[in-house]
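As a basis for the values below, the full set of heavy atoms in this structure was taken, side chains included, without hydrogen atoms, waters or symmetry mates. Just so you know, residue 1 is the first one in the sequence shown, and it goes up from there. These numbers were taken from a predicted model, which means no experiment stands behind them.
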Amino acid sequence: MHRFLVIVQVFCALLWTPSIYSLPDIIKIGGLFHPGDDTQEVAFRYAVEKINADRSVLPRSKLSAQVEKINPLDSFHASKRVCHLLRTGVAAIFGPQSAHTASHIQSICDTMEIPHLETRWDYQLRRESCVVNLYPHPSMLSKALVDIVRAWSWKSFTVIYETNEGLVRLQELLKAHGPNELPITVRQLSDSEDYRPLLKQIKNSAESHIVLDCSTDKIYDVLKQAQQIGMMSDYHSYLITSLDLHMVPLDEFKYGGTNITAFRLVDPDNPIVQDAIDTWIHGEVKSGRKVSFERMANISVIRTETALMYDAVHLFAKALYDLDRSQQIDIQPLSCDASDTWPHGDSLINYMKIVEIRGLTDVIKFDHQGFRTDFVLDIVELSPLGLRKTGTWNSTQGVNFTKSYGEQQMEIVENLKNKTLVVSSILSSPYCMRKDSAEKLTGNDQFEGYAIDLIHEISKILGFNYTIRLAPDGRYGSYNKETGEWDGMVRELLEQRADLAIADLTITFDREQVVDFTMPFMNLGISVLYRKPVKQPPNLFSFLSPLSLDVWIYMATAYLGVSVLLFILARFTPYEWPSPCDPGKMETQFTLLNCMWFAIGSLMQQGCEILPKFSPQEWQDLSPCTRDSSSTLDNQFSLHNSLWFTFGSLMQQGCDISPKAVSTRMVAGMWWFFTLIMISSYTANLAAFLTVERMDSPIENAEDLAKQTKIKYGALGGGSTAAFFRDSNFSTYQRMWSFMESTRPSVFTSSNIEGVERVVKGKGSYAFLMESTSIEYVIERNCELTQVGGMLDSKGYGIAMPPNSPYRTAISGAVLKLQEEGKLHILKQRWWTEKRGGGSCRDEQSKSSSTANELGLANVGGVFVVLMGGMGVACVIAVCEFVWKSRKVAVEERVSLCSEMASELRFALKCGSKGRGIRHPHAVSDLDSAENHRFHPLGPPYSQYEFDGKGPVS
């Protein structure tokens with residue numbers, strides 16, 4: 001509201017501007033400078049000369065510079081000098097830079113209502129009524145620091161300050177850091193000039209983000225000592241709060257890769273600034289005075305306070321000119337002992353607060369409280385070419401980086417070229433191994449492996465050199481909760497003894513919190529390494545294995561059921577009872593029904609009782625009637641024959657009897673179809689069971705491991721695999737972790753090699769949990785081991801580097817390029833299956849798979865057992881039939897059993913005899929002798945079943 005009223009007042013005054021100017025011809029202004037402020041004095045005097053030379057600013061008047069030198073610590077002498085200037089009739093007081101003397105001068109100017117223009121840093125939150133300070137307020141500068149820290153996403157940082165005023169400058173930054181975020185460390189520089197002890201403490205804390213607030217003169221010393229202890233690496237970032245970083249010689253640090261950033265209010269490369277400095281230099285040379293302006297990058301540079309002093313004089317002249325247009329101004333001498341004041345002082349102050357000009361510090365504008373506003377700060381960053389502008393900041397839009405992400409990455413790649421990076425690794429096959437050589441090798445030549453080839457390919461893409469160093473403790477990197485420290489390669493990175501860490505290092509959440517990882521160059525998961533299953537000895541009755549016991553029972557039941565059904569249907573159907581027919585009747589056997597039956601039998605591979613002949617032979621006498629035929633009807637499908645028919649069909653051997661009726665043929669056809677499918681399935685499965693070796697493995701996956709306690713299992717101690725089971729919420733993995741922790745002796749190993757050796761020596765009593773890629777490498781060389789089950793998780797190997805490493809994106813891009821070109825796959829094939837004995841087990845597997853396994857007696861011995869058993873049972877049955885028949889004949893012939901058996905045995909042993917005569921019983925009466933022409937198909941002694949012959953029996 002106050003600003004609005006002032007603007008209205010000035011506007012109304014401009015409307016009533018008189019046509020004549022009432023300013024005196026000479027207007028005196030006083031400047032207070034310390035003995036070391038030569039450049040500010042020069043800027044003050046030449047600003048006056050510039051205004052006097054430009055008649056558009058003060059057309060009828062000229063400024064006169066009244067310069068006074070004061071001691072920065074002598075406020076009494078400063079007060080005397082100010083009173084002296086007031087007695088000469090000055091219109092304004094400029095300076096000084098010392099806060100100790102400035103406060104006394106402010107009180108005098110407020111009392112006398114004389115404008116007091118300052119260009120120093122002032123932490124006070126309220127400006128005095130007659131004070132105008134061109135230096136940005138600390139709260140605005142602190143807000144700029146907050147914005148850039150947030151733009152960089154710094155999670156933690158360390159603040160190094162020199163004096164308590166530094167904490168005031170950084171108060172907004174300290175407030176902006178929330179309580180839930182990582183803590184901020186605040187350290188104060190010592191009074192001595194040796195800052196190395198403090199810097200070593202910061203280095204040991206592994207903090208790489210540093211906010212440095214100290215005087216401009218000390219910036220170089222702090223950075224130099226930081227460089228001496230190794231804190232000026234590629235991974236450190238320094239945010240300098242001083243606006244005069246361009247005044248610091250930074251040539252020693254611009255090739256180190258350290259990110260040194262600051263704000264500036266004056267752009268030394270600005271032509272306006274350079275013209276002003278050149279004018280000052282030439283003027284001083286002409287006047288015979290010697291003033292040295294520092295030169296950086298072949299240009300002269302000035303401090304921010306110097307440029308502000310130059311702008312302050314122009315601001316005063318502009319406001320005085322506007323005020324003169326609104327009212328009559330007279331300037332009169334004042335005495336510090338009197339109570340008189342300058343009546344135009346407040347008006348001139350108000351005009352300076354609303355005037356807007358452009359000077360060496362760009363736009364100069366104030367708010368109603370007298371604080372500078374709407375100013376723009378350049379964000380400058382140290383590069384190999386010196387300080388470069390990378391962005392801007394203002395109070396309304398915040399940080400705006402002008403350098404694109406692509407340009408930033410190109411600079412990083414350029415900085416990376418020809419650099420020598422320290423690469424940390426550990427001995428782990430096949431990633432990093434020592435070369436087998438008769439000569440002593442040193443440096444990188446003593447190592448080989450997948451990781452070594454990978455870093456070599458990356459170095460060729462990005463153009464850097466590297467030195468490989470093994471981690472002292474030979475560990476990957478795990479966090480010790482008791483000591484609060486990391487070990488292994490991760491520790492090497494955190495202590496910045498290494499730039500990269502490459503090995504079979506798994507990307508985990510805990511490691512990602514402390515170091516940076518590239519994109520994974522290999523994807524994998526946890527699996528189980530175990531000995532190969534023992535080959536099962538072939539089962540004697542392995543020919544029964546293709547079908548389960550249930551199927552065998554069902555087949556036997558079907559066999560019996562079909563046989564009984566066939567018997568019953570044959571008894572019911574009249575077509576299975578052949579009847580006598582007229583002799584001499586010629587019929588063809590290939591009726592339509594028989595043709596269909598013949599085709600079905602052939603299709604089912606069962607054959608048929610009818611066979612085709614030449615066409616004239618197809619017609620034959622089919623009459624079963626003979627001269628001795630009777631009217632008896634016989635059915636060939638007795639229960640015994642039904643069983644024999646179905647058994648022959650099941651064995652695909654056919655039978656001497658065949659159904660004739662449609663119903664029985666339907667049953668036979670369905671049975672043939674059933675046997676075709678079952679026998680074909682059995683034959684196909686039998687080949688696999690006889691040729692494929694059966695393995696006996698007690699475990700098939702991790703679930704089987706968790707369910708038993710006989711087989712011990714463990715992992716690499718302190719590795720990511722152990723951490724996976726330790727932190728898992730899955731009940732099975734929790735149970736496995738509890739088992740591994742409680743087992744004694746310990747199941748954890750110090751290396752993967754030790755774990756592999758325990759699996760080999762354990763002979764099935766130990767399983768090792770490790771990454772699947774390492775398992776692939778092991779089983780390619782040790783044919784006794786194998787991978788059990790699938791992967792328990794999914795993760796990847798990555799290249800680790802210190803936190804906030806600038807090379808992360810560049811190296812990730814190189815890894816992605818190698819992946820797209822297929823070189824990662826080539827490297828894996830080289831070290832997994834080609835070198836160091838790789839592929840030996842695969843060769844054995846290919847040989848065994850390319851040639852069919854020979855079947856030994858153990859595989860088919862059961863068939864011989866069944867054959868011999870069947871022969872033996874047949875012999876026993878034959879003996880029983882022989883004895884039974886001999887006994888029956890002996891009873892009927894009224895001879896002894898032994899003589900009958902001897903007679904039958906002698907006949908059976910006559911191998912040359914092919915036929916046998918018909919035996920007749922002895923004559924009992926004449927009636928019997930008269931009936932010699934009676935016969936029976938089985939011969940004597942079945943005379944009661946004989947038939948009358950109609951002709952002689954041949």
Exercise: do [X] and [Y] side chains pair donor with acceptor under 3.5 Å:
{"X": "Asp54", "Y": "Ser56", "result": "yes"}
{"X": "Tyr161", "Y": "Gln188", "result": "yes"}
{"X": "Glu118", "Y": "Gln106", "result": "yes"}
{"X": "Ser326", "Y": "Tyr351", "result": "yes"}
{"X": "Asn394", "Y": "Thr396", "result": "yes"}
{"X": "Asp311", "Y": "Thr361", "result": "yes"}
{"X": "Ser139", "Y": "Glu172", "result": "no"}
{"X": "Ser107", "Y": "His104", "result": "no"}
{"X": "Gln274", "Y": "Ser300", "result": "no"}

Under 3.5 Å donor-acceptor, [X] side chain and [Y] backbone:
{"X": "Thr390", "Y": "Val380", "answer": "no"}
{"X": "Ser812", "Y": "Arg808", "answer": "yes"}
{"X": "Gln227", "Y": "Met232", "answer": "no"}
{"X": "Asp499", "Y": "Val422", "answer": "yes"}
{"X": "His116", "Y": "Gly95", "answer": "yes"}
{"X": "Asp213", "Y": "Thr241", "answer": "no"}
{"X": "Trp154", "Y": "Arg150", "answer": "no"}
{"X": "Arg388", "Y": "Leu382", "answer": "no"}
{"X": "Glu162", "Y": "Ser215", "answer": "yes"}
{"X": "His34", "Y": "Ser98", "answer": "yes"}

For [X] against [Y], the heavy-atom pair lying closest together:
{"X": "Lys254", "Y": "Ser383", "result": "CB-O, 3.2 Å"}
{"X": "Val266", "Y": "Ala307", "result": "CG2-CB, 3.5 Å"}
{"X": "Val57", "Y": "Ile51", "result": "CG1-CG2, 3.9 Å"}
{"X": "Val301", "Y": "Pro268", "result": "CG1-CB, 3.8 Å"}
{"X": "Val168", "Y": "Gln171", "result": "O-CG, 3.1 Å"}
{"X": "Leu134", "Y": "Leu315", "result": "CD1-CD2, 4.0 Å"}

Might you confirm whether atom [atom1] of [X] has over 12 heavy atoms from other residues, nucleotides or ligands at distances under 6.0 Å?
{"X": "Lys817", "atom1": "NZ", "answer": "no"}
{"X": "Gln397", "atom1": "CD", "answer": "no"}
{"X": "Lys143", "atom1": "NZ", "answer": "yes"}
{"X": "Lys419", "atom1": "NZ", "answer": "yes"}
{"X": "Ile357", "atom1": "CD1", "answer": "yes"}
{"X": "Lys795", "atom1": "NZ", "answer": "yes"}

Report the C-alpha distance between Asp122 and Tyr135 in whole Å, list the side-chain angles of each, state the deciding distance to 0.1 Å, and finish with yes or no for side-chain hydrogen bond (donor to acceptor under 3.5 Å, both in side chains).
CA-CA 8 Å; Asp122 186 7; Tyr135 201 97; over 6 Å; no
Please tell me if the side chains of [X] and [Y] come closer than 4.5 Å, counting only heavy atoms from C-beta onward.
{"X": "Glu193", "Y": "Lys218", "answer": "no"}
{"X": "Thr304", "Y": "Met247", "answer": "no"}
{"X": "Gln97", "Y": "Asp37", "answer": "yes"}
{"X": "Trp486", "Y": "Arg511", "answer": "yes"}
{"X": "Asp221", "Y": "Cys214", "answer": "no"}
{"X": "Leu816", "Y": "Glu820", "answer": "yes"}
{"X": "Pro802", "Y": "Asp516", "answer": "no"}
{"X": "Ser237", "Y": "Asn804", "answer": "no"}

At what distance, to the nearest 0.5 angstrom, does [atom1] of [X] lie from [atom2] of [Y]?
{"X": "Met352", "Y": "Cys130", "atom1": "CE", "atom2": "SG", "answer": "9.0 Å"}
{"X": "Leu239", "Y": "Asn259", "atom1": "CG", "atom2": "CG", "answer": "9.0 Å"}
{"X": "Leu265", "Y": "His246", "atom1": "CG", "atom2": "NE2", "answer": "9.5 Å"}
{"X": "Met140", "Y": "Leu377", "atom1": "CE", "atom2": "CG", "answer": "8.5 Å"}
{"X": "Leu117", "Y": "Asn133", "atom1": "CG", "atom2": "CG", "answer": "9.0 Å"}
{"X": "Thr402", "Y": "Ile379", "atom1": "OG1", "atom2": "CD1", "answer": "8.0 Å"}

Mind checking ring pair (Phe, Tyr, Trp, His ring centres under 6.0 Å) for Tyr235 and listing every partner two or more places apart, or none if nothing turns up?
none
What orientation do [X] and [Y] show, parallel under 30°, tilted 30 to 60°, or perpendicular over 60°?
{"X": "Phe375", "Y": "Trp393", "value": "tilted"}
{"X": "His314", "Y": "Tyr310", "value": "tilted"}
{"X": "Phe371", "Y": "His137", "value": "tilted"}

Quick one: do Leu199 and Ile160 satisfy side chain to side chain contact (heavy atoms under 4.5 Å, CB included)? Show the steps, please.
CA-CA 9 Å; Leu199 295 174; Ile160 302 178; 4.1 Å; yes
Working for side chain to side chain contact (heavy atoms under 4.5 Å, CB included), residues Phe521 and Gln819
CA-CA 8 Å; Phe521 60 82; Gln819 180 180 355; over 6 Å; no
Any salt bridge between Glu305 and Arg120, counting N to O under 4.0 Å?
no
Thr101: what forms a side chain to side chain donor-acceptor pair (under 3.5 Å) with it, not counting sequence neighbours?
none
Hey, mind stepping through Leu500 and Leu493 against side chain to side chain contact (heavy atoms under 4.5 Å, CB included) and telling me if it holds?
CA-CA 7 Å; Leu500 301 174; Leu493 297 175; 5.6 Å; no
Please list all pairs meeting salt bridge (charged side-chain N to carboxylate O under 4.0 Å, His left out) that have one or both residues in residues 369-383, counting only residues at least two apart or in different chains.
Arg264-Asp378, Lys365-Asp374, Asp378-Lys389, Glu381-Lys403
